[in-house]
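Order of the sequence lines sets the chain letters (A, B, ...), proteins ahead of strands, with each chain counted from 1.
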Number of protein chains: 2
Amino acid sequence: MTDETHSPHMISRRLESIFPITDEESQAFKELPVQVVALKADRDIVSIGDRPHQCCMVLEGFTCVYKLSQAGKRQIMALHLPGDIPDLQSLHLAVMDNSIATISPCTVGFIQHADLRRICECYPRLASALWRETLVDAALMREWLLNIGQRDSFTRTAHLLCELQMRLRAVALINGPAFDLPITQEQMADAVGISTVHMNRVFQALRARSLIKRCKSEVTILDWQELQEAGEFEPHYLHLREAVA
Amino acid sequence: MTDETHSPHMISRRLESIFPITDEESQAFKELPVQVVALKADRDIVSIGDRPHQCCMVLEGFTCVYKLSQAGKRQIMALHLPGDIPDLQSLHLAVMDNSIATISPCTVGFIQHADLRRICECYPRLASALWRETLVDAALMREWLLNIGQRDSFTRTAHLLCELQMRLRAVALINGPAFDLPITQEQMADAVGISTVHMNRVFQALRARSLIKRCKSEVTILDWQELQEAGEFEPHYLHLREAVA
DNA sequence: CGTAGACTTGAAGTCGTTCAACGGGTGTGG
DNA sequence: CCACACCCGTTGAACGACTTCAAGTCTACG
């Protein structure tokens with residue numbers, strides 16, 4: 001909530017990871033006024049039914065998109081990392097059809113819709129880049145739908161871990177096999193659509209097969225190849241510009 | 001494959017159902033060159049891995065977006081009706097991360113990416129309308145994710161029926177409680193993520209509770225109120241301009 | 001008239017849920 | 001500094017929803 005300068009870097013890095021933009025366009029982004037805010041874990045950033053006049057960019061931490069069933073069960077339909085804009089849709093969809101919350105303590109940056117619209121008019125390629133962002137979000141949701149609809153809980157979980165690892169790499173937040181994953185088993189369970197108790201057992205199975213190791217909030221992938229196979233993970237759907245080895 | 005004139009009407013009607021556009025913009029759409037093709041049921045229109053140079057607009061019939069798991073199980077992640085553009089994403093995402101197939105016999109219209117890009121440049125509001133289209137598609141997927149991840153099979157199926165009824169109404173394809181739903185139980189099962197056998201039992205339960213009636217490919221909703229409650233259906237996520245009673 | 005595809009049925013089996021309880025670490029207030 | 005509370009992770013056992021297999025019926029269509 002202090003350093004306002006690293007935020008535009010964040011977003012342009014994310015955009016560039018999936019779409020080539022020029023220096024001038026990148027620069028335009030960096031000059032956008034951003035209101036930076038720090039938030040505790042498990043707080044709503046935007047709630048279903050809201051009519052926001054701004055978008056929220058993740059700067060630090062993890063956020064999630066979620067909805068509740070009538071029984072009060074929560075389905076997480078996306079996880080967002082630094083550089084992502086979880087509610088970019090609100091630029092064209094007046095009322096939120098989902099909530100967005102922090103998974104871990106976060107700092108986020110708010111950008112006014114008006115500013116985004118203006119920049120989209122001046123730089124049509126940036127508009128395309130943002131459009132593309134929302135399309136990649138949708139592509140991830142399709143994969144999650146396949147995951148939840150057709151794969152068993154073990155495969156689903158392995159798949160999610162692979163996805164997170166690769167996305168974190170793509171924005172250069174990690175480079176080795178270990179990374180910080182400040183997310184509880186309950187939140188993981190909500191993301192793959194199983195119960196907390198069962199998520200715990202899946203984690204045990206993953207450890208038993210020596211696929212991962214977990215120590216506090218740090219996850220280490222012990223066998224990337226095996227984990228990918230266990231999770232039926234094919235990274236094409238991430239639409240990254242360059243394949244990450 | 002014969003009448004090329006009704007197709008642009010179709011798309012503009014769909015766009016207008018969620019976004020106000022001017023006559024001039026609507027006109028621009030109607031002048032787009034469209035290649036109309038008739039297809040049998042259960043045929044791929046675009047396949048995963050393709051790099052299409054055109055988009056496909058549904059003119060008659062139903063299409064679906066799907067992916068296969070390694071075990072060969074199919075998850076349908078969206079159903080598209082006349083007026084929809086199932087692969088609009090391909091405008092900005094070079095390679096398809098999903099396949100698109102016909103559910104029933106269909107006629108579809110292909111529009112070149114180049115033409116769409118041109119019209120987006122000339123009419124930025126149309127570009128926004130198309131962007132919005134893809135965002136609504138994503139909103140539907142979020143609801144499907146909630147449906148499949150957190151609701152039981154009975155609720156899921158009721159929900160899907162409500163959604164289809166309301167979307168068909170929104171484009172004025174139906175007005176009464178009965179409508180043509182040329183889709184097999186197997187396809188329905190793939191859409192809600194359950195087995196064919198179980199889908200059959202869910203249908204029996206829906207009939208036993210007098211919520212729906214099915215005769216050939218025609219579905220009649222006997223109690224709209226009850227079906228909505230049974231499916232936990234709240235239509236906000238469809239982002240229709242006007243609530244349909 | 002025969003065949004293929006869609007729908008239907010029963011029974012057995014599996015995966016995941018639910019309930020209930022306990023352990024361990026961490027932070028907070030007395 | 002200790003005690004307590006809380007959250008997270010863990011465990012066992014019973015239950016339930018859905019799957020799978022296998023067979024049989026119905027209808028449409030060539």
Side-chain angles (χ1 to χ4, degrees), chain A residues 40-43 62 69 71-76 101-105 147-161 180-208 212-219 230, chain B residues 40-43 62 64 69 71-76 101-105 147-160 180-208 212-219 230:
Chain A
K40 295 186 181 168
D42 251 306
R43 294 283 190 283
F62 288 56
S69 75
K73 294 183 172 185
R74 174 165 87 154
Q75 177 64 43
I76 292 178
T102 56
I103 286 281
S104 60
N147 216 22
I148 291 176
Q150 302 297 344
R151 304 205 256 241
D152 65 36
S153 57
F154 184 84
T155 313
R156 285 185 219 184
T157 307
H159 189 282
L160 178 56
L161 289 170
D180 194 49
L181 191 62
I183 183 172
T184 66
Q185 290 186 1
E186 186 178 5
Q187 292 164 333
M188 283 285 275
D190 287 348
V192 297
I194 64 178
S195 67
T196 308
V197 170
H198 199 56
M199 182 80 265
N200 183 273
R201 293 183 171 129
V202 169
F203 260 105
Q204 290 177 40
L206 284 164
R207 286 191 299 246
I212 66 161
K213 193 172 72 177
R214 196 155 200 217
C215 179
K216 310 230 179 192
S217 75
E218 188 182 84
V219 172
Chain B
K40 294 186 182 169
D42 250 306
R43 293 284 189 282
F62 287 56
C64 70
S69 76
K73 294 181 172 187
R74 174 165 86 155
Q75 178 64 43
I76 291 179
T102 55
I103 287 281
S104 59
N147 216 22
I148 291 176
Q150 302 297 342
R151 304 205 257 241
D152 65 34
S153 58
F154 184 83
T155 313
R156 282 185 220 185
T157 307
H159 189 283
L160 178 55
D180 195 49
L181 191 64
I183 182 173
T184 66
Q185 291 186 0
E186 186 178 5
Q187 292 164 333
M188 282 285 274
D190 288 348
V192 296
I194 63 179
S195 67
T196 309
V197 170
H198 198 59
M199 182 79 266
N200 182 272
R201 291 181 173 129
V202 169
F203 260 105
Q204 290 176 41
L206 283 164
R207 285 191 298 245
I212 65 161
K213 193 172 72 177
R214 194 154 202 219
C215 178
K216 311 231 180 191
S217 76
E218 187 183 83
V219 171

Trainee: Quick check: any donor-acceptor pair below 3.5 Å linking the side-chain of A:Arg201 to the base of D:dG9?
Mentor: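 Per atom types, no contact qualifies.
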Trainee: Counting only N and O atoms by type, is there a donor-acceptor contact under 3.5 Å from the side chain of A:Ser104 to the main-chain atoms of A:Phe62?
Mentor: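 Yes.
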Trainee: Looking at CD of B:Gln187 and CD of B:Gln185, how far apart are the two atoms once the value is rounded to the nearest 0.5 Å?
Mentor: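 If I round to the nearest 0.5 Å, the distance is 11.0 Å.
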Trainee: Of the candidate nucleotides D:dT10, C:dG16, D:dC18, which contains the atom at the shortest distance from the side chain of A:Gln185?
Mentor: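 Shortest atom-to-atom distance from the side chain points to D:dT10.
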Trainee: Distance check needed: D:dC18 P versus A:Ile148 CD1, whole Å only.
Mentor: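 To the nearest whole Å, that distance equals 16 Å.
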Trainee: Expressed in angstrom and rounded to an integer, what is the separation of A:Gln204 atom CD from C:dC15 atom C1'?
Mentor: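 The answer, rounded to whole Å, is 16 Å.
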Trainee: Please report the distance, rounded to the nearest Å, between CG in A:Asn200 and C1' in C:dC19.
Mentor: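 Value for this atom pair: 15 Å.
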Trainee: Mind calculating the distance between CG (A:Asp42) and P (D:dC7) to the nearest angstrom?
Mentor: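 The answer, rounded to whole Å, is 11 Å.
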Trainee: Base, backbone or nothing for each nucleotide of nucleotides 22-30 of chain D, written B, S, -, heavy atoms under 4.0 angstrom, 5' to 3'?
Mentor: ------S--
Trainee: Atom CD1 of B:Ile103 and atom P of C:dG5: how far apart are they, to the nearest Å?
Mentor: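 B:Ile103 atom CD1 is separated from C:dG5 atom P by 17 Å.
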Trainee: Does any N or O in the side chain of A:Glu218 come within less than 3.5 Å of the main-chain N or O of A:Leu181, such that one atom is a donor and the other an acceptor?
Mentor: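 No, the answer is negative, given that no donor and acceptor are paired below the 3.5 Å cut-off.
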Trainee: Please evaluate residues A:Leu206 and A:Leu161 with respect to the criterion side chain to side chain contact (heavy atoms under 4.5 Å, CB included), reporting the C-alpha separation (whole Å), side-chain torsions for both, the decisive distance (0.1 Å), and the verdict.
Mentor: CA-CA 11 Å; A:Leu206 284 164; A:Leu161 289 170; 3.9 Å; yes
Trainee: Is a donor-acceptor contact shorter than 3.5 angstrom present between the side chain of A:Arg214 and the base of D:dG9?
Mentor: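 Flag unset: no donor-acceptor pair detected.
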Trainee: Return yes if some donor-acceptor pair links the side-chain N/O of B:Thr102 with the main-chain N/O of B:Arg43 below 3.5 Å, else return no.
Mentor: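 Answer holds: yes.
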Trainee: Say whether, by atom type as modelled, one donor and one acceptor occur between the side chain of A:Gln150 and the main chain of B:Gly193 under 3.5 angstrom.
Mentor: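 Answer holds: no.
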Trainee: May I ask you to evaluate whether A:Thr184 reaches the phosphate of D:dC8, defined as a side-chain N or O under 4.0 Å from OP1 or OP2?
Mentor: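 No, no such contact exists.
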Trainee: Separation of A:Ile194 atom CD1 from C:dT14 atom P, in whole Å?
Mentor: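 Whole-Å distance recorded here is 20 Å.
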Trainee: Any base atoms under 4.0 Å from A:Thr196, or only sugar-phosphate, or nothing? Heavy atoms, all strands.
Mentor: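 The answer is nothing, as A:Thr196 stays clear of every strand by at least 4.0 Å.
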Trainee: Nearest whole angstrom, please: distance from the P of C:dT14 to the CG of A:Asp152.
Mentor: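 Checked: the CG to P distance equals 14 Å.
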Trainee: Would you indicate, yes or no, if D:dT10 has its OP1 or OP2 atom less than 4.0 angstrom from a side-chain nitrogen or oxygen of A:Arg207?
Mentor: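 Yes, within the criterion.
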Trainee: I need the CD-C1' distance between A:Gln150 and D:dT19, as an integer number of Å.
Mentor: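 Roughly 12 Å, once rounded to whole Å.
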Trainee: Side-chain N or O of A:Ser195 less than 4.0 angstrom from OP1 or OP2 on C:dG16?
Mentor: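 For C:dG16, OP1/OP2 do not have a side-chain N/O of A:Ser195 under 4.0 Å.
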Trainee: So, the side chain of A:Asp190 versus the backbone of A:Ile76: is there a donor-acceptor pair under 3.5 Å, distance only?
Mentor: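 Side chain of A:Asp190 to backbone of A:Ile76: no pair is present.
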Trainee: Could you work out which one of D:dT10, D:dC18, C:dC7 sits closest to the side chain of B:His198?
Mentor: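 The answer is D:dC18.
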Trainee: Checking all strands, does A:Arg151 fall into the base, sugar-phosphate, or nothing category for heavy-atom contacts under 4.0 angstrom?
Mentor: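 No contact.
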